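Some notes on the structure that comes next.
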Amino acid sequence: MTIPNTHNGIDPDELAVVHACRAWPFEEARRLIARLDRLGGDPQRPVVFETGYGPSGLPHIGTFGEVARTSMVRHAFEVLTEGRRKTRLVCFSDDMDGLRKVPGNVPNGDMLAEYLDKPLTSVPDPFGTHESFAHHNNARLRSFLDQFGFEYEFLSATDCYRSGMMDATLLRMLEVYDQVMDIILPTLGPERRATYSPFLPVSPRTGRVLQVPMVERNAKAGTIVYLDPETGEKVETKVTGGAVKCQWKADWAMRWVALDVDYEMAGKDLIDSVALSSRICKALGSTPPEGFNYELFLDDKGQKISKTKGNGLSIEEWLTYASPESLSLYMYQKPKTAKRLFFDVIPKAVDEYLAHIAKFPSESPKQRLENPAWHIHSGHPPAAELPISFALLLNLVSASNAHDAGVLWGFIKRHVPGASPERYPLLDKLVGYAVRYYADFVKPQKQFRAATATEAAALAALDRALADAAPDATAETLQNIVYEAGKSNGYDKDTLRDWFRGIYEVLLGESQGPRFGSFIALYGIPETRRLIADGLSGRLLAA
RNA sequence: GGGCGGGUAGCUCAGUGGUAGAGCAUUUGACUUUUAAUCAAAUGGUCGUGGGUUCGAUCCCCACCCCGCUCACCA
């Protein structure tokens, strides 16, 4: 998937109607344009879109959603402004944050325990592959984003603090310290209120990020004074150069100001935080970015998805059974509605995505701008023609017991004469997904059983008959052979149904299956004979 | 309590200021020398309630009811 985010090649017909387009990325872009108009300022300054990331965990489906959606707004903005404004998408990693607790999903957890509260960039990498735990997770984040082709700039909080990029804003924060306290303190419980400070000094003695109250402040010198929680000594430290980091709501505001952030989305659980950070941002003398609150995802039972619960669907799971484009579509649709995110939404998303790219070329400019595929592919969806839907493919793979792409293609060709992987490369990808679906969902459901004496005799007869069958026998001929093997071994017109059910249960592990003559033709006569042998010997049962 | 989202067919959900849509489910038919699948068709809705704006409201506005999520410690 490519999200080039260039304004190049804007269709003039589309441009003519873009101002009437109500698709949400355009509505967002318009709010952003209104902000820029309000603010005035340098038209040469790049417009900054930010997404934030906490490197104590791994990137997940929400990370994808936020970057994908932000990229859609960014592209809509570039089209609306006809490329006259430069844009940047900053992916900011809050990697100076202290290690709160030892994550359960990493090796060498014991080793990590002694680094609690140290900045994540000062915690050794438990995987042993990077300079620090944060570096490791940052790298994971970047390769995660890169695999989708997102265009972004990565920024490390630690680098930003240490480089002095934040210094001016940090000094400003010190000047308006009282205002910041007035904003935050009323929102805190009494316990935290006693210790709160927008500045979290990094102890020169222990290297830990401290949550301690300030006992003195010197705005002119740019320093703060606190008591070392263990020694009780007074410590004076600069707020600049990475000697302190900000508590997160202050940090967010500080970042907006220091990086000139114009647009940032957040989940709706952060609505209050955004409001507080915005007030701090104003206290710093700046204007908070335009924001957008997207809904959280629910699992199949309508419960909130949480990583610790492990409910819902991971991005790995989605990408195992469907394309990133289908996931982009899911993210595009109704960002403000709480949507269920579980396996069953995947086939629908895939088929809707396919339908959108299929109808795109014949649509009017206005329709194209409201076509999700336009937003998923930055205005240029690929051409695509699909003879069958993904939902049908999943049915086919289950019904036909097609355990590999070749067999499945055999069934597809019966269904759609002339189809081939070369002619329908996109369908071939879907075939790959369908086969995985089969392996993971259909196959485990199979329940093989031993053949009864009658079935064993009939199967043996079938095997002998197949041995004599022409290698190129038609499905029709093979179906007759199956039929005969049953009729001459204890089944009659009324019980023939049992014969077929027996075949499915013994050989395929299901009580229903494909038309068996067709199955043999596609699966192969020698292969079918081996399957019969395995069924009779009990090997299928054992496996 | 504050904030947000939702209430449309049996189910899951689209959608639009002008005769209401899809998928699944159900029913029927076609094709199959068993099924499944597939194909065709049909059935099915006072668009949460009450007002308002309008020639006209499921859609816009107001109020209300119900459901869900979220925040109130930390990030």
Side-chain angles (χ1 to χ4, degrees), chain A residues 22 52-57 94 96-101 117 120 157 186-193 195-196 200 209 211 245-252 266-277 292-306 333-340 342 344-345 347-349 351-352 355 370 372 388-402 411-412 414-416 475-476 479-484 486-487 491-505 508 510-519:
Chain A
R22 296 283 153 228
Y53 170 75
S56 53
D94 188 17
M96 201 167 150
D97 194 28
L99 179 68
R100 308 270 157 198
K101 59 175 184 193
D117 293 329
L120 288 160
T187 71
L188 299 174
E191 210 168 299
R192 182 73 180 101
R193 199 175 297 171
T195 63
Y196 184 84
L200 309 177
V209 180
Q211 298 199 12
K245 105 175 272 295
C246 290
Q247 187 275 343
W248 84 287
K249 282 166 198 161
D251 196 61
W252 209 356
K268 83 165 184 188
D269 52 329
L270 296 181
I271 288 174
D272 291 345
S273 304
V274 170
L276 288 172
S277 292
F292 180 79
N293 291 295
Y294 54 84
E295 254 289 359
L296 277 20
F297 298 116
L298 309 175
D299 69 8
D300 56 334
K301 296 184 200 70
Q303 302 290 306
K304 180 195 173 184
I305 285 186
S306 81
Q333 287 169 327
K334 301 248 223 183
K336 278 188 186 274
T337 300
K339 293 185 297 182
R340 294 183 185 191
F342 64 113
D344 299 29
V345 304
K348 192 179 173 208
D351 281 329
E352 287 180 357
E370 286 174 358
I388 64 177
S389 71
F390 191 53
L392 172 53
L393 208 53
L394 292 181
N395 280 333
L396 201 57
V397 79
S398 319
S400 66
N401 273 277
F411 285 102
I412 293 169
R414 288 183 67 77
H415 207 272
V416 185
E476 191 68 22
Q479 181 74 11
N480 282 332
I481 291 174
V482 178
Y483 191 71
E484 279 307 316
K487 274 209 301 195
Y491 294 95
D492 59 26
K493 196 168 172 45
D494 294 330
T495 58
L496 208 54
R497 194 190 186 105
D498 297 332
W499 164 228
F500 281 98
R501 194 168 65 232
I503 291 176
Y504 298 132
E505 292 179 353
L508 302 178
E510 295 182 337
S511 58
Q512 51 195 33
R515 217 170 132 62
F516 210 68
S518 310
F519 176 81

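Residue numbers start from 1 in every chain, and the chains themselves are labelled A, B, ... in the order their sequence lines are given, proteins ahead of strands. Just so we're clear, the structure is a prediction, and the values are computed from it rather than from any experiment.
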Using whole Å, report how far [atom1] of [X] lies from [atom2] of [N].
X: Y294(A); N: rU70(B); atom1: OH; atom2: P; result: 14 Å
X: Q479(A); N: rU32(B); atom1: CD; atom2: P; result: 12 Å
X: E505(A); N: rU35(B); atom1: CD; atom2: P; result: 16 Å
X: I481(A); N: rU33(B); atom1: CD1; atom2: P; result: 15 Å
X: E370(A); N: rU16(B); atom1: CD; atom2: C1'; result: 12 Å
X: D351(A); N: rA14(B); atom1: CG; atom2: P; result: 17 Å
X: K487(A); N: rU34(B); atom1: NZ; atom2: P; result: 12 Å
X: L508(A); N: rU35(B); atom1: CG; atom2: C1'; result: 12 Å

Please give the distance between the [atom1] atoms of [N] and [M] as a whole number of Å.
N: rA20(B); M: rA9(B); atom1: P; value: 14 Å
N: rG45(B); M: rU8(B); atom1: P; value: 14 Å
N: rA57(B); M: rA37(B); atom1: P; value: 44 Å
N: rG17(B); M: rG2(B); atom1: C1'; value: 34 Å
N: rG44(B); M: rA25(B); atom1: C1'; value: 11 Å
N: rU46(B); M: rA41(B); atom1: C1'; value: 28 Å
N: rC11(B); M: rG48(B); atom1: P; value: 14 Å
N: rG7(B); M: rG15(B); atom1: P; value: 10 Å

For this session: Examine the side chains of Q333(A) and E352(A) and answer whether a donor and an acceptor come within less than 3.5 Å of each other.
Result: yes
Problem set entry | Heavy-atom donor-acceptor pair, Y491(A) side-chain to rU34(B) base, under 3.5 Å | no
Exercise. Should stems be defined as at least three consecutive Watson-Crick or G-U pairs with both distances under 3.5 angstrom, which of them involve RNA chain B?
Worked result: B:1-7 with B:65-71, B:10-13 with B:21-24, B:26-30 with B:38-42, B:48-52 with B:60-64
So does [Y] get a backbone contact from the side chain of [X], meaning a donor-acceptor N/O pair under 3.5 Å?
X: T195(A); Y: R192(A); value: yes
X: E295(A); Y: T337(A); value: no
X: Q479(A); Y: I481(A); value: no
X: D117(A); Y: V209(A); value: no

Problem set entry | Toward the 5' end of RNA chain B, by each residue's nearest nucleotide, E476(A) or K339(A) | K339(A)
Problem set entry | Shortest non-hydrogen contact between N293(A) and G267(A), atoms and distance | OD1-O, 3.7 Å
Does some side-chain heavy atom of [Y] sit less than 4.5 Å from a side-chain heavy atom of [X]?
X: L298(A); Y: K339(A); answer: no
X: R340(A); Y: F297(A); answer: no
X: L200(A); Y: C246(A); answer: no
X: L120(A); Y: M96(A); answer: no

Exercise. Would you call the rings of F500(A) and Y504(A) parallel, tilted or perpendicular if under 30° counts as parallel and over 60° as perpendicular?
Worked result: tilted
For this session: Please list, chain by chain and in numerical order, all residues satisfying side chain to side chain donor-acceptor pair (under 3.5 Å) with D498(A), sequence neighbours excluded.
Result: R501(A)
For this session: Using side chain to side chain donor-acceptor pair (under 3.5 Å) as the criterion, list what pairs up with D97(A), not counting sequence neighbours.
Result: R100(A)
Below 3.5 Å between N/O atoms, which protein atoms pair up with nucleotides 73-75 of chain B? Just atom names and distances, please.
unit_1: rC73(B); atom_1: OP1; unit_2: T187(A); atom_2: O; d: 2.8
unit_1: rC74(B); atom_1: OP1; unit_2: R192(A); atom_2: NE; d: 3.0
unit_1: rA75(B); atom_1: OP2; unit_2: Q247(A); atom_2: NE2; d: 2.6
unit_1: rA75(B); atom_1: N7; unit_2: W248(A); atom_2: NE1; d: 3.0

Between the protein and nucleotides 36-39 of chain B, are there any N/O to N/O pairs under 3.5 Å, and if so, what are the atom names and distances?
unit_1: rU38(B); atom_1: OP1; unit_2: N395(A); atom_2: ND2; d: 3.3

Exercise. Do K336(A) and F292(A) meet the cation-pi criteria used here (NZ or CZ under 6.0 Å from the six-membered ring centre, within 45° of the axis)?
Worked result: yes
For this session: Among Y483(A), Y491(A), F516(A), find the one that has a ring pair (Phe, Tyr, Trp, His ring centres under 6.0 Å) with W499(A).
Result: Y491(A)
For this session: Would you give a per-nucleotide map of nucleotides 1-11 of chain B, 5' to 3', where B means the base has a protein non-hydrogen atom under 4.0 Å away, S means only the sugar-phosphate does, and - means neither?
Result: --BBS------
Exercise. If you look at every strand shown and take non-hydrogen atoms under 4.0 Å, does E352(A) touch a base, only sugar-phosphate, or nothing?
Worked result: nothing
